[in-house]
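Quick notes on the structure that follows.
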Amino acid sequence: MDLAAFGLATLTAHVGFAVFVTAHAFLTDRAAGNWPYITLGLGIAGVAGYFFYDRSPAAGSN
């Protein structure tokens, strides 16, 4: 795979992941915060952060 094809595939995946995070937040009435932007930059790591990083008081953090 050449560099241009790899870059396009990576960009497409990151945009798709960011759209997914935004849509999920909208459909579940969850605040997306900065996670769509983080996901644009970091890809699947941003998706993982969105799902596993919970700052709500119910999660035990104040």
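These numbers come from a predicted model, not from an experiment.
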Worksheet, complete the sentence: Rounded to the nearest 0.5 angstrom, the CG-CG distance for Leu3 and Leu8 is 11.5 Å
Worksheet item: So, do Trp35 and His24 sit near enough that their side-chain heavy atoms are less than 4.5 Å apart?
Response: no
Discussion item. Between Val19 and Leu27, is there shared hydrophobic-cluster membership here, with clusters defined by ILVMFWY side-chain heavy atoms closer than 4.5 Å?
Written reply: no
Worksheet entry | Closest contact, heavy atoms only, Thr39 versus Val21 | OG1-CG2, 3.9 Å
Discussion item. Minimum heavy-atom separation for Ala18 and Pro36, please, with both atom names.
Written reply: CB-O, 3.6 Å
Discussion item. Taking Tyr37's backbone N and O only, do any of them form a donor-acceptor pair with Asn34's side chain (distance below 3.5 Å, no angle check)?
Written reply: no
Practice prompt. Hey, could you give me the CD1/OH distance between Ile38 and Tyr53, rounded to the nearest 0.5 Å?
Written response: 9.5 Å
Worksheet item: Same hydrophobic cluster for Leu11 and Leu42, using side-chain heavy-atom links shorter than 4.5 Å among ILVMFWY?
Response: no
Practice prompt. Among residues two or more places apart or on two chains, list those pairs meeting ring-ring contact (aromatic ring centres under 6.0 Å, His included) that have a residue in residues 1-23.
Written response: none
